[in-house]
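The model shown is predicted, which means the values in this text are computed figures rather than measured ones. Within every chain, numbering begins at 1; the chains are lettered A, B, ... in the order of the sequence lines, protein sequences first and strands thereafter.
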Amino acid sequence: MTELIWFRNDLRLGDNPALTAACAGNAAVEACFLPAPGQWADHDWSPNRTDLLLRSLDQLGQDLAALGIPLHIRSIDRFTDTDTELLALCRERGITRIHANEEYAFNERIRDHRLTGALNHQGIALHIYRDQTVVPVDQLKTGNGTPYTVFTPYSRQWWRWVESHPPRLHPAPAARGAPLPPPALPELTAWRSEHVDWLAGGEGAAHRALEGFIDQRLGAYADQRNYPAVPATSQISPYLALGVLSPRQCLVAVQQRTGAESPASAAHTWLNEIAWRDFYIQLLYQFPRLSRHQAFKPETEALPWEPAGANLEAWKAGRTGIPLVDAAMRQLNTTCWMHNRLRMVTAMFLTKNLFVDWRLGEQYFMQQLVDGYLPSNNGGWQWSASTGTDAAPYFRIFNPVTQSERFDPEGTFIRHWVPEIAHLQGKKLFNPNGTVAGYPAPIVDLKQSRQRAIERFKALGKG
DNA sequence: TAACTTTTTCT
DNA sequence: GAAAAAGTT
């Protein structure tokens, strides 16, 4: 009898509940990963993200081989091909039990549900373990027993739960046999990218990034995280998105490296972002429509979005004529990552000023981001578009010029990414307003478009 | 995880 | 007449 650990969104040895369970006994342990490029395409996964995935998978295969655990990489096209491939592997290798960590998006849950039946029919058990969050997705409920849909009360309960349940990490397994040759990776050329060279793959790199952040930048995080010109953020989101790092490891690392029982305020601010991540994951789990291109607030489906067209293309290209928006989009297009404040600014500009359907922005972000992750990306977009849970009130519309004055006061970030206006001084830099040859005039009037958005949302209530 | 407008307060 | 506070969207 052989145990199989099926890696999905958890490309790590450390703190991996399914891996720990697979290695609990003395039976032989083998591992598998099933790349599904057809499904990746359906989910708008970026080659930037899958490049990091494949490099991390490569590292995982080597680490497993060193422990004497073979990793079988069997490419399929879509989730519907999973049963055939897994059953064949189980038959080949004499596997009777499969362990995997839970995934929370709709298609993944359907896959696992169907699979359980198909496998049981063949006498193979599929064991699923809670993962991806600090607090289990169905743990926190309001007084009515309903899921939380507002962050503030959720986070209160989140902290209370975390303090009464200090996370205990699953240790990485010990060697189970003689070292093996590392597995070969499939080519998947279309899913490779050269734009994410700056980011190293694998668990070791992820932990170095996490520890470097805590040691060098965590103290200043609360004060500086909103300034895109300052490298104040942790930059570990790509690893969390792929499960190369677990959020529980983040929590424990903060406690251990700061030597604090309960987190100080700087640590608190950062860990609250982990709570936001948990919040959005539990929402995706509780409300399947979020996985299916639907608004959390159904009434917002009636909003008369503008035809996307040239405005969407200008936004994507970073040629809207609004410097902070353009700088942010160019950062995204070049580095496959964008500062969080700018994600809000650019999303708000697309959905409120250009009044383009949030789904198109959400999709473009997924197609570019190295850290694209459905729960956070969808949550963030619906927050900005005021269609989601705990969303920005529709009348609270960011003014991208005011945002630049506040969060890029020296213009450092704008000058870096929009060099054609770098010579401008003072407030001119934040809104050249068509005065620089070679840089577009604003493609939309900020004041008028703000008013238009407010009126359209207001009309919803009367309908 | 605002912005804008109007009103009031303070020198 | 500026700055702060309050009200509106």
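Evaluation of the side chain to side chain contact (heavy atoms under 4.5 Å, CB included) rule for A/E299 yields A/K297 as partners, not counting sequence neighbours. Listed by chain and residue number, A/F395, A/R396 satisfy the side chain to side chain contact (heavy atoms under 4.5 Å, CB included) test with A/P393 (two or more places apart in sequence, or in another chain). For A/A18, the side chain to side chain contact (heavy atoms under 4.5 Å, CB included) criterion is met by A/I5, A/N16, A/H99, A/N101, A/Y129, not counting sequence neighbours. Scanning for ring pair (Phe, Tyr, Trp, His ring centres under 6.0 Å) contacts around A/F287 gives A/F296, with sequence neighbours left out. For A/D215, the salt bridge (Lys or Arg N to Asp or Glu O under 4.0 Å) partners two or more places apart in sequence, or in a different chain, are A/R257.
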Distances under 3.5 Å between nitrogen or oxygen atoms of protein and nucleotides 5-9 of chain C:
none

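Between A/E273 and A/R225 a salt bridge is recorded (basic side-chain N to carboxylate O distance below 4.0 Å).
With a heavy-atom cut-off of 4.0 Å to chain A, the contacted part of DNA chain B has its first and last nucleotide at B/dT1 to B/dT5.
For residues 432-447 of chain A, every residue pair satisfying the side chain to side chain donor-acceptor pair (under 3.5 Å) rule, not counting sequence neighbours, is listed here: A/D326-A/Y439.
Counting any heavy atom pair closer than 4.0 Å across all strands shown, A/R406 reaches sugar-phosphate atoms only and no base atom.
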Would you give me the side-chain donor-acceptor pairs under 3.5 Å for residues 53-62 of chain A, sequence neighbours excluded?
from	atom 1	to	atom 2	distance (Å)
A/R55	NE	A/D51	OD2	2.9
A/R55	NH1	A/L199	O	2.7
A/R55	NH2	A/D51	OD2	3.3
A/R55	NH2	A/V196	O	3.2
A/R55	NH2	A/L199	O	3.2
A/S56	OG	A/L52	O	2.9
A/S56	OG	A/G202	N	3.0
A/Q59	NE2	A/D63	OD1	3.2

